[in-house]
Amino acid sequence: VQLVESGGGLVQAGASLRLSCVASGRTSPSHAVGWFRQAPGKEREFVAAISWNGGSTYYRDSVKGRFTISRDNAKNTASLQMDDLKPEDTAVYYCATQYGRTSGQVMAVMKSYDSWGQGTQVTVSS
């Protein structure tokens with residue numbers, strides 16, 4: 001599976017961005033999609049995930065109420081709507097797939113993701 005992210009950019013605090021992740025190759029509907037991010041000098045961290053059928057979502061606490069993850073299996077795409085962005089959201093954002101019909105907190109386990117995109121830069125100025 002090949003994943004390509006898009007939609008990053010430079011915005012001011014309080015603005016919105018919508019990231020997209022398009023999958024190609026040997027895709028499967030039986031996988032969760034997660035978004036992760038990595039800021040300069042920091043470890044990559046979990047941001048949000050959505051289950052194989054969209055029935056379960058999971059977010060890190062700092063983005064709850066501001067970020068919304070969604071997916072369209074017919075188009076092999078997943079999106080991350082990011083509202084009220086803060087400077088601490090600045091990072092490279094990656095999408096990834098986790099095989100299996102998982103849900104809840106299990107989707108936050110980064111090592112369980114097997115396919116990764118190249119990332120898209122999000123920069124939020126104060």
Side-chain angles (χ1 to χ4, degrees):
V1 177
Q2 292 77 48
L3 302 173
V4 178
E5 305 94 335
S6 63
L10 171 62
V11 297
Q12 291 188 327
S16 298
L17 281 175
R18 186 176 181 87
L19 306 183
S20 294
C21 174
V22 179
S24 61
R26 301 185 67 178
T27 59
S28 167
S30 295
H31 62 263
V33 176
W35 285 94
F36 297 80
R37 67 187 181 188
Q38 187 167 18
K42 295 187 176 181
E43 297 286 322
R44 190 172 298 189
E45 63 183 18
F46 168 79
V47 177
I50 186 166
S51 63
W52 66 282
N53 62 352
S56 174
T57 57
Y58 193 76
Y59 300 90
R60 69 179 297 108
D61 286 346
S62 62
V63 307
K64 286 180 181 178
R66 299 189 299 121
F67 290 12
T68 303
I69 189 171
S70 60
R71 68 186 295 166
D72 183 340
N73 286 347
K75 297 181 179 179
N76 288 329
T77 61
S79 299
L80 185 67
Q81 176 67 39
M82 305 187 296
D83 298 320
D84 189 23
L85 282 161
K86 305 177 184 298
E88 52 264 40
D89 294 319
T90 295
V92 177
Y93 283 71
Y94 301 88
C95 69
T97 58
Q98 177 194 64
Y99 184 76
R101 298 186 175 185
T102 55
S103 62
Q105 192 173 2
V106 173
M107 298 190 293
V109 179
M110 185 163 56
K111 64 181 180 181
S112 66
Y113 283 78
D114 42 35
S115 295
W116 291 80
Q118 293 300 306
T120 184
Q121 177 70 48
V122 172
T123 303
V124 185
S125 63
S126 57

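Just so it is clear, the structure is predicted and the values come from calculations on it, not from any experiment.
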Completion exercise
Nearest heavy-atom contact between Met107 and Ala49 is CB-CB, 3.6 Å
Exercise for the section: Evaluate the side-chain proximity of Met110 to Trp116: yes if any heavy-atom separation is below 4.5 Å, no if none is. Expected result: yes
Handout entry: Other residues, nucleotides, ligands: >12 heavy atoms within 6.0 Å of Gln118 CD
Key = no
Exercise for the section: Measure the spacing between CD1 of Ile50 and CG of Asn73 and express it to the nearest 0.5 Å. Expected result: 8.5 Å
Exercise for the section: Spell out, yes or no, whether Tyr94 and Tyr58 are grouped together once hydrophobic residues are joined by side-chain heavy atoms under 4.5 Å, including indirect joins. Expected result: yes
Exercise for the section: Provide the closest heavy-atom pair for Leu80 versus Ala48 in the form atom of the first, atom of the second, distance. Expected result: CD1-CB, 4.1 Å
Fill in the blank from the handout: Looking only at heavy atoms, the pair that brings His31 and Tyr99 closest together is CB-CA, 3.9 Å
Problem - Close side-chain approach of Trp35 and Met82, heavy atoms under 4.5 Å - result: no
Handout entry: From Gln12 atom CD to Ser126 atom OG, the distance as rounded to the nearest 0.5 Å
Key = 9.0 Å
Handout entry: Whether Phe46 and Phe36 hold their rings parallel, tilted or perpendicular, with breakpoints at 30° and 60°
Key = perpendicular
Completion exercise
In terms of heavy-atom contacts, Val22 and Thr77 come closest through CG2-CG2, 3.9 Å
Problem - Thr90 and Gln121, any side-chain heavy atoms less than 4.5 Å apart - result: yes
Exercise for the section: Begin from the C-alpha positions of Glu5 and Tyr93 and carry the test side-chain contact (heavy atoms from CB on, under 4.5 Å) through to its verdict. Expected result: CA-CA 8 Å; Glu5 305 94 335; Tyr93 283 71; over 6 Å; no
Handout entry: Gln81 and Ser79 side chains, donor-acceptor separation under 3.5 Å
Key = no
Exercise for the section: Without swapping roles, check the side chain of Asp89 against the backbone of Ala13 for a donor-acceptor pair under 3.5 Å. Expected result: no
Exercise for the section: Decide side-chain contact (heavy atoms from CB on, under 4.5 Å) for Arg71 and Ile69; before the verdict, give the C-alpha distance in whole Å, the side-chain angles of both, and the deciding distance to 0.1 Å. Expected result: CA-CA 7 Å; Arg71 68 186 295 166; Ile69 189 171; over 6 Å; no
Completion exercise
Of all heavy-atom pairs linking Phe67 and Val47, the shortest is CD2-CG1, 3.7 Å
Handout entry: Gln98 side, atom CD; Ser51 side, atom OG - distance, nearest 0.5 Å
Key = 10.0 Å
Handout entry: Test item: Val109 and Thr102 side chains (from C-beta on) under 4.5 Å apart, heavy atoms
Key = no
Fill in the blank from the handout: dist Leu3:CG -> Ser115:OG (nearest 0.5 Å) comes out at 5.5 Å
Exercise for the section: Carefully, step by step, assess Leu19 and Val122 under the rule side-chain contact (heavy atoms from CB on, under 4.5 Å). Expected result: CA-CA 9 Å; Leu19 306 183; Val122 172; 4.0 Å; yes
Exercise for the section: Give the minimum heavy-atom separation between Arg37 and Val63, together with the two atoms involved. Expected result: NH1-CG1, 4.1 Å
Practice task
Please lay out, stage by stage, how Ser16 and Asp83 fare under the test side-chain contact (heavy atoms from CB on, under 4.5 Å).
Solution key: CA-CA 4 Å; Ser16 298; Asp83 298 320; 2.7 Å; yes
Problem - Reported OG-to-NZ distance for the pair Ser62 and Lys86, which is rounded to 0.5 angstrom - result: 9.5 Å
